[in-house]
Amino acid sequence: MMKHSFVKFVLTTSLSLAVLTGSMAGPSLAQAPADTPLQATALTPLGYLLAYTGMVYGEGGGFMKDAGLDLKVEAAQGSSQAIQLLLSGQALVARGAGIDVMNAVANSNVPVVAIATVAHIAPLQIISAADNPIRGPKDMVGKTIGVASFGGASDQTLQLILAHDNIDAKSVKRQVVGPSAGSFGLVQEKKIDAFVGTNAAVAELTARNVPFVHFATNDVVPVPGQVYITTVENVSKKSEELKRFLIGARAAFEDAERQIASGDITKLLAAVKKYSVPEASNPSSALQGIRIESASWMANGRDKLLQNNPEAWQSATAAAVEAKMLKPTDATKFYTNEIWNKAFVK
């Protein structure tokens, strides 16, 4: 039997949540002066996906421009490269996983910090075939699991859930594959046993009635999902650019949420067409996928959209330290709400 409990929960409960949020929709809590546009570059962790709404729709939908930011969105080749580009000054902000920040800061003393949490629930799913199901870390022993990149967020998250269940990471082979539904073909061909995929991949496979099984990594070890990362130096020296970025991103998320509530994301898909997001080829599947994503945006309440949750960072840090993946570190070094407060607290 396919395990779609999380997706079913979101698809049924987020509809009512979306209606409520739609009725509550209004302008962002703060507006940036747009008379003098500032320029900046933002990085996705890998390619262009509809899940990167704050960036691709923020720019494509004109929300960044309205916030006074002339934003260029580029795709990095993995979180490691994105962080390198931040440090070299070639980008202002990057989207990545919370665990990317934790690992970089605690283990390598890299001066980066998360200024916002996009997805409060890690959007990673372990996807396998129904006739050879992997329902938890213990089922991975002796298997080959696909990850987006070695050392990246999906790889680190895989290692974290294995460590949590006291499984030697060396007992699990890894192979680099994409996180989209297309990688399920490799599972069907028996080239890999499962892969770390996205919520959008789950939605697409569900829409195609493919017999598969999945479980959320967040159900094993909760960690801050996707975050916006910048350098510690930028927090003080480029606070205005970062503030405008968060205002534009939040406006994009709020507008996308209203479209999701209506069941019609035509405007969203048209605005991101320039980025050739793969989900756009199937609007119905795209709607289901972004609905799952939006539930994570609003998981801590609409008023806390993009705000870092200190408790989540602390618990994730404790789990990673216990798993010996991180050197003991004060969790407050990983995140800051300074920019969020400047943008949205009057």
Side-chain angles (χ1 to χ4, degrees), residues 32 34 36-49 51-65 67-119 148-156 176 178-179 224-250 252 272 274-277 306 308 333-336 338-340 342-343:
T36 307
L38 299 175
Q39 294 186 332
T41 296
L43 301 172
T44 74
L46 190 68
Y48 300 101
L49 298 174
Y52 306 152
T53 302
M55 290 183 174
V56 296
Y57 188 43
E59 187 283 321
F63 300 99
M64 292 296 173
K65 182 178 180 181
L69 193 65
D70 181 7
L71 186 71
K72 182 178 182 181
V73 182
E74 296 185 347
Q77 298 300 311
S79 54
S80 295
Q81 185 192 62
I83 289 176
Q84 290 173 4
L85 291 171
L86 287 176
L87 294 173
S88 67
Q90 296 181 62
L92 172 72
V93 64
R95 174 170 166 144
I99 198 168
D100 290 332
V101 177
M102 294 162 64
N103 182 56
V105 175
N107 296 338
S108 301
N109 201 30
V110 177
V112 293
V113 65
I115 59 167
T117 296
V118 181
S149 63
F150 293 131
S154 60
D155 188 14
Q156 292 181 64
V176 174
Q226 292 287 295
V227 301
Y228 287 143
I229 309 167
T230 193
T231 64
V232 172
E233 183 179 39
N234 282 343
V235 172
S236 59
K237 293 189 175 181
K238 295 193 174 182
S239 63
E240 182 61 30
E241 289 93 329
L242 291 170
K243 183 182 79 172
R244 295 185 187 193
F245 173 79
L246 288 191
I247 291 173
R250 180 163 175 155
V272 301
K274 62 187 287 186
Y275 292 105
S276 300
V277 297
L306 293 180
N308 284 308
K333 292 185 177 181
F334 303 141
Y335 70 93
T336 177
E338 180 179 337
I339 303 299
W340 192 94
K342 288 180 178 179

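As the structure is a prediction and not an experimental result, all values here were calculated from the model. For the single chain, residues carry numbers from 1 onward in sequence order.
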Return the set of residues passing side-chain contact (heavy atoms from CB on, under 4.5 Å) with [X] (not counting sequence neighbours), or none when no residue passes.
X	result
Ala97	Ile99, Asp100, Ala153, Gln226
Gln84	none
Asp70	Gln39
Lys237	Glu233

For this session: Could you please spell out the steps behind the side-chain contact (heavy atoms from CB on, under 4.5 Å) verdict for Leu43 and Leu85?
Result: CA-CA 9 Å; Leu43 301 172; Leu85 291 171; 3.7 Å; yes
For this session: Could you check Glu74 against Lys72 for salt bridge (charged side-chain N to carboxylate O under 4.0 Å, His left out), going step by step and ending with a plain yes or no?
Result: CA-CA 7 Å; Glu74 296 185 347; Lys72 182 178 182 181; 3.1 Å; yes
Exercise. Looking at Asn308, Leu306, Leu242, which one forms a side-chain contact (heavy atoms from CB on, under 4.5 Å) with Tyr228?
Worked result: Leu306
Side-chain heavy atoms of [X] within contact of [Y], under 4.5 Å:
X	Y	value
Arg244	Met64	no
Val101	Val113	no
Thr41	Leu71	no
Val232	Val112	no
Lys243	Ile247	yes
Arg250	Trp340	yes
Ser239	Lys342	yes

Seminar exercise, completed: Residue set satisfying side-chain hydrogen bond (donor to acceptor under 3.5 Å, both in side chains) with Ser88, at least two apart, ordered chain then number -> Gln90
Exercise. With sequence neighbours left out, what residues match Thr231 under side-chain hydrogen bond (donor to acceptor under 3.5 Å, both in side chains)?
Worked result: Asn234
For this session: Measure the CD-CD1 distance between Glu241 and Ile339 for me, rounded to the nearest 0.5 Å.
Result: 9.5 Å
Which heavy atom of [X] sits nearest to which heavy atom of [Y], and what is that distance?
X	Y	answer
Val110	Ile83	CG1-CG2, 4.0 Å
Ala116	Leu246	CB-CD2, 3.8 Å
Ser149	Ser154	N-OG, 4.1 Å
Gly78	Leu46	N-CD1, 3.9 Å
Ala75	Tyr48	N-OH, 3.3 Å
Val176	Ala148	CG1-O, 3.3 Å

Problem set entry | Sequence neighbours excluded, every pair satisfying side chain to side chain donor-acceptor pair (under 3.5 Å) that has a member inside residues 53-62 |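 Matches after skipping sequence neighbours: Tyr57-Asp255, Tyr57-Gln259, Glu59-Lys274, Glu59-Tyr275.
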Problem set entry | Partner residues of Tyr335 under the ring-ring contact (aromatic ring centres under 6.0 Å, His included) criterion, sequence neighbours left out |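 Only Trp313 meet the ring-ring contact (aromatic ring centres under 6.0 Å, His included) criterion with Tyr335.
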For this session: Please name all residues satisfying ring-ring contact (aromatic ring centres under 6.0 Å, His included) with Phe334, sequence neighbours left out, ordered by chain then number.
Result: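 Here no residue qualifies.
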Exercise. Checking Thr117 side chain against Ala119 main chain: does a donor-acceptor pair fall under 3.5 Å?
Worked result: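 No, the answer is negative, given that no donor and acceptor are paired below the 3.5 Å cut-off.
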For this session: Output yes when a side-chain donor or acceptor of Thr230 lies under 3.5 Å from a complementary backbone atom of Leu92, and no otherwise.
Result: yes
For this session: Begin with the C-alpha distance, continue with both residues' side-chain angles, and end with the deciding distance and a verdict on side-chain contact (heavy atoms from CB on, under 4.5 Å) for Thr44 and Leu49.
Result: CA-CA 9 Å; Thr44 74; Leu49 298 174; over 6 Å; no
For this session: Using the side-chain contact (heavy atoms from CB on, under 4.5 Å) rule, take Arg95 and Val118 through it: C-alpha gap first, then chi angles, then the decisive distance, then the call.
Result: CA-CA 9 Å; Arg95 174 170 166 144; Val118 181; 3.5 Å; yes
